[in-house]
Amino acid sequence: MSTRLTFLSATRRRPTRIKGGIPLTVSQSVCCRATAGSGVTSQVCNTNLWTASSSPPAAGSGRATGMWMKTLRESPQRKGCLCSQGWSYAIDFPATYTKDKKWNSCVRRRRWLRYRRYKAMDTWAKIPSQQTTLPDPFSDISCGGWEISEEPRGRLSLWAVSLQGKVWFRDGIYHHNPEGSLWEEVFLPGEVIQISCGPGDLVWAVLWEGQLIVREGISRDCPKGSSWAVVESPSPDVGAIHVAVGINVVWAVTKDNKVWFRRGVNSHNPCGSGWIGMVGEMITINVGLNDQVWAINCEDRAVYFRQGVTSSELSGKTWKAITVPRDGDRSHSSASANSLQSAGCYFCGEVRAQSVVSDAESDTEKGSADGASCHATSTSPESFVDAPTDSSNPPTDPPKPRIPKVTSDSFISELVSDREPGKSSRDTGSAPPAVPEEESIPGEGEVKAPCAGSALSPSQSGGPLDPQWSNVDLEEAQQAQTVAVQDTADTCSLSSVATYTLAMEDPYGADEHPLWAWVSGGGCSVDSHSQLNWFNFSMNSSSLVSSVQSMSLSVSPAQTAAWRRQIFEQLSERTKREMDNFRHYEQAVEQSVWVKKGTMQWWRDWKPHKWIDVHFALEQFSGPDGNKDGILFIYYNYYEEKKYLHAFINEVTILVPVLNDSKHTFAIYTPERTKQRWPIRLAAATELEMHDWLALLSVSCCDSRGIHGPPSKQAIWSITCKGDIFISEPSPGLEAMPYPTPCDQMFWRQVGGHLRVVECNSVGIVWGIGYDHTAWVHTGGYGGGFFQGLASSTDNIYTQTDVKSVYIYENQRWNPVTGYTNRGLPTDRYMWSDASGLHECTKTNTKPPSPQWTWVSDWAIDYSVSGGTDREGWQFAADFPASYHGYKTMKDFVRRRRWARKCKLTTTGPWQEIPPIPLSDVTILPCTAQSSVDVIPVWAISNKGDVLCRLGVTALTPAGSSWLHVGTDQPFKSISIGAASQVWAIARDGSAFYRGSVSARSPAGDCWYHIPSPAKQKLKQVSVGRTSVYTVDENGNLWYRQGVTPSYPQGSSWEHISNNVRKVSVGPLDQVWIIADKVQGSHSLSCGTVCHRLGVQPVEPKGQSWDYGIGGGWDHITVRGNSVEPPRLRLPSLTDPSSRSPVPVRNTEVNGVGN
Amino acid sequence: IMADDKDVLRDVWFGRIPTCFTLNQDEVTEREAEPYYLLLPRVSYLTLVTDKVKKHFLKVMRAEDVEEMWFEYEGTPLKWHYPIGVLFDLHASNNVLPWSITVHFKNFPDHDLLHCPSNSVIEAHFMSSIKEADALKHKSQVVNDMQKKDHKQLWMGLQNDKFDQFWAMNRKLMEYPTEDGGFRYIPFRIYQTMSDRPFIQKLFRPVSPEGSAHSLGDLLKEMYPDAITNDGEQKRYQVVIHGIEPLLETPLQWLSEHLSHPDNFLHICVIPVPTD
């Protein structure tokens, strides 16, 4: 995180110094260092608008630093803002500084634009004059709006206020055209004195009369907005004088310096709902990034930061003064003539230019990537730590102007920023902030520059630096110089008179802190949770010394304390003693073994969510115990700042390919992200690339957990809606009471193949059914698909195909003249759509579900739609959307028909086909751990609805030998066999059946007992465990069968357990797992989530609550292989970190699950 | 060139002790065991960083002769649960380098050492130290606010010698309300060779009731007055932290922030001045 803050300080009345008997100090210098992400800075100077870009001369630092320089006379108004994208605009103009001098006598009506491209040198370009349209100079500008739209890149809104109170909007600002193209006047209800534009769509301005106006209608398409709304001043008698807006906040200052916070401001209601008076009296206020607030107190003129501003508490808690000490170590100035070429100082005389240049240089070398850095400038020389010496003992050396500067980096925040070894702060120390060598006050610079104007004229400095002027309109530039020189000479003489008088009554003590005039926190991103180290000290000289210690990286007296020097020296001696002669020794801890890098797209975490390009790296290393481990890095840019996201490989719980018709995407979950329902979503450029990464990451994850080879017999199997198959090895504590392993910690690995249903039991028999109803049996292998090498077994992987249909709907509306046509009402759904009607799906634009699938048929009308169709496949209804029927009535004004197209996927996996009967459901006897069944009962439902019993299934011949048909009165759709061979089934009419007398001797049983469904519900699925019988109905309700006993296995009644359930799997321990329909996480909703019933015991088979596991598109789970009885009691042990602090069982129900 | 405080943290973290491991004479080997040389991280734990040593010696031994590995220096069994740097400063700091450690595979001294069957034991020990330290510093508020993965990051940082990774998280443990001027109590342990007590650990605040910052000297005055050399006296003890002797006027809070071990304790060794 880059934390940059710009201060401008100016004393309203500068004290005069007497030096060698010559009254001096006709002006003060203001230097403002603006460092933004990629640095472009601009100023309006003498009503000239400047944009100054700044970039680091140091190539490859990847950071830019901006710098503004300005010498001003007592200019009471200065204004600037920084925005995070690197463009900064500022305005400043000298106003009246003597009683008889009018502002308009010293302003120029010429606007300049200074810009520098990111990696270019400082150059100036002029904005073409538009005298006709822009008759008066600017007094205020504000820029923002970069969050409105990202197109075109670098787009910004720049608002300007002219002295006549008009408001102008600069059109056409974007990355390659930072100066914009056109000033557009914005119609106003009054005369504006000040304007503020936030990063988003808030723009507020203050009118001369003291009311405020709010720009409405600002949007992506209309960044300029459409109209103004007037908001009365917070205080009826006192008008507003200043306003500052952020993303969701508006702060105002009234003429009595009271501070106000506007309640209820947001995009939809830019006017907000009311004012809240805040404690504290401020002269100016500024809102930075994240709606953090900066202000200058009217009493002590110190810079204050609003503490406690968070997204939930936008008004913050308290004002905290920021200490901005300035280190003035003379030994560290390094004005160099060379550096004159490399940084821009155009506003001051030569001497000053040097100091500024060195200043800028050091700045660029700081290169702290994340640290909090605070650049401040002041014109108040008395505030320097070392100023007392200066004032009491005037230096004999010819004084030079001094550019005060402070860099304050709290070392802790610097710590984490230290990613580049070459950028250690030792380096910084060796190239110290180049504060000029003397403590002289700025005014003293004029001793060396007897021509009063020479050190002051902004344009004069352009002279020596001419070569750096850009190609644009040099002629006018030079013209400007001449005028400026005259002007400054004039003004200086005037001001020198004024300040001479004032010098007699120098109001400031030598150790007083700077009097700030203006603050901009626009480039300062403050994490609301971070502790800031800026406030430690009260404002007096001694505390300034100590604050330097904590705030500044540069050398200060406190850092040269004997004890500190001792530590540095001894550590360095220790290194010599203990390490220098032994560098050839092997390191005990090996560093990373290898890194694989690539580029991908990442579905970014912040709004608006979208795919952004990222660099992706897997850093793998051998742990000290030889286990391979790794860290995943995702490097992205956040407002041109490099950031990264990381995940430890040993925390990744699953890698899930995600269905996407145009991208090759997958998701990475950790327990935390499972809770949040917000995985890391990535997209690779090609399918091959995605599979390479998935295979690599998967191996890496398995390595870190020591999981290899085929799945165990106890494995839990699940399938996503994409048809991908996952297995999880149950931990011994998974079904433990009372603290089972939380579901979200389960690690899932993928095996090759494509299925819709998978069922297993604890002797290792696993059957699957494809989307095309083909039956498959697990070969005992692992891998296949995209898994290669060690991640895949070799001799039991086979080709597997699957076929499914893609459906689209043709919709038509009846028209009295032409009958049914494909011209609907304007409000109608698409004439070709998906089932919902919300998405247009035409025959040509509809793609297979993912790039893995290919079309294997053409579009054909589908007559097998529920509700029936007419002979052409049409279904009729009164209107969209409604229930459809297969015949037309007088009331039917719309009709639709379904078209189907088959697509096919070919992959490999540890599966062998069991021909020839296509199946829709299958169930395998769940054996208890002790059972010694040789021939395993397997029942199935054929695609037609026939009930089948598989003969000859054993652990060695899991595919069995032949089917035995079991007669039924009607077609069936679901079946399940319990541990005691109790067979339950669901008929297509939604009722349940129990099969009597099933045993080893009579594997097919003898007869069906009809069991009515719960009232008004049609059952769709059944699962039977050791004794428990659970069913799910078509409305998503989960039912438990009451009263089941060995003597009365049919039970007595259905008891409702939960809603929001898609599928249930009851295991040999009577453990209950479901696929829940919708589960709310902290970040999003997840449809199709694995959930575990907690509190299931022999005495309480219904359990108590749900624990939520992996989710977001899960379709099927089976836990019928897990027959491992959990340990009776689990005592916390020291050696198992996971058991030390069992995650408390969440007792809250799934959103919607349970009643 | 002056370094800044962050470099102290780096120096502390990357401190290494050159060590020569030799197999105990009494171990039964199939052939002679070569000594093994390694740079041990001062801030880590012996059993965490000696996998290579173990592998090296196992090559010459028969599996049935191998029990739990343990280390000894000049007759003193080395406690793995003390940071390596503390063990070295306490027992061997004034001796010639490399540090010569004897490796044993039998006769585990149960009364002197804790067993260390796996790295998870070290992790548990390390994390409990961090939690104890935070209890002293912040009433456990910071460590309790951390998530499990944050804890993991601290541990992984130490285990894999990742300074940035560790400090990205550890810095949170080093913060304190500025108005307090420091932690609630300074987590410290004072070790001495001359005593049966393993170490001294008491409550001690970084700031005096009058508001002045406590120094290392203030701490010792209260905990171990003998360690301080009075005027006119011959220096009897060295006060060593990370192999260096900070001045007694060094602020204790600063020491706690900069010279604590990754377990967040300031481990101070008081050792007799060598007589020769």
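So that the names make sense, note that chain A is the first sequence line, chain B the second, and so on, each numbered from 1.
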Shortest non-hydrogen separation from Tyr37(B) to Glu586(A) and the atoms involved
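Reported closest heavy-atom pair: O-CB, 4.1 Å.
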Nearest heavy atoms of Leu40(B) and Ala588(A), plus distance in Å:
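The answer is CD2-CB, 4.1 Å.
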For Phe582(A), does its backbone N or O pair with a side-chain atom of Arg16(B) as donor and acceptor, under 3.5 Å?
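It does not hold such a pair.
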Given a strict heavy-atom distance threshold of 4.5 Å, which part of [X] is in contact with chain A: side chain, backbone, both, or neither?
| X | answer |
| --- | --- |
| Thr50(B) | neither |
| Leu255(B) | side chain |
| His242(B) | both |
| Phe14(B) | backbone |
| Glu179(B) | side chain |
| Glu245(B) | both |

Quick one: pull up [atom1] in [X] and [atom2] in [Y] and give me the separation to the nearest 0.5 Å.
| X | Y | atom1 | atom2 | answer |
| --- | --- | --- | --- | --- |
| Leu259(B) | Leu571(A) | CG | CG | 6.5 Å |
| Gln566(A) | Ile244(B) | CD | CD1 | 7.5 Å |
| His646(A) | Gln153(B) | NE2 | CD | 4.0 Å |
| Ile567(A) | Asp11(B) | CD1 | CG | 11.0 Å |

Which residues pass the ring pair (Phe, Tyr, Trp, His ring centres under 6.0 Å) test with Phe183(B), not counting sequence neighbours?
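Applying ring pair (Phe, Tyr, Trp, His ring centres under 6.0 Å) to Phe183(B) gives His138(B), Tyr176(B).
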Contacts of Phe126(B) that satisfy ring pair (Phe, Tyr, Trp, His ring centres under 6.0 Å) - sequence neighbours left out
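Result, ring pair (Phe, Tyr, Trp, His ring centres under 6.0 Å) vs Phe126(B): Trp155(B).
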Can you say whether Asn581(A) sits under 4.5 Å from chain B via the side chain, the backbone, both, or neither, judging by heavy atoms?
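Neither part, no heavy atoms under 4.5 Å.
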Non-hydrogen atoms of chain B under 4.5 Å away: do they reach the side chain of Gln587(A), the backbone, both or neither?
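Both parts, backbone and side chain.
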From CA spacing to verdict: side chain to side chain contact (heavy atoms under 4.5 Å, CB included), Gln165(B), Ile631(A):
CA-CA 11 Å; Gln165(B) 183 184 329; Ile631(A) 306 177; 3.4 Å; yes
At a heavy-atom distance under 4.5 Å, which candidate from Glu573(A), His584(A), Arg577(A) has the highest pair count against chain B?
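Among the listed options, the one with the most contacts to chain B is Arg577(A).
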Quick one: does Leu216(B)'s side chain get under 4.5 Å of Trp563(A)'s, heavy atoms only?
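Counting from C-beta outward, Leu216(B) and Trp563(A) never come under 4.5 Å.
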Option that, when pairs with chain A are counted at under 4.5 Å, heavy atom only, ranks first among Ser44(B), Ser215(B), Pro41(B), Gly15(B):
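When all of Ser44(B), Ser215(B), Pro41(B), Gly15(B) are compared, Gly15(B) has the most.
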Salt-bridge test for Glu651(A) and Lys152(B): reply yes if a basic N is under 4.0 Å from a carboxylate O, no otherwise.
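No, no charged N to carboxylate O under 4.0 Å.
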Determine, stepwise, if the pair Glu578(A) / Arg42(B) fulfils side chain to side chain contact (heavy atoms under 4.5 Å, CB included).
CA-CA 11 Å; Glu578(A) 295 180 355; Arg42(B) 271 182 162 270; 2.7 Å; yes
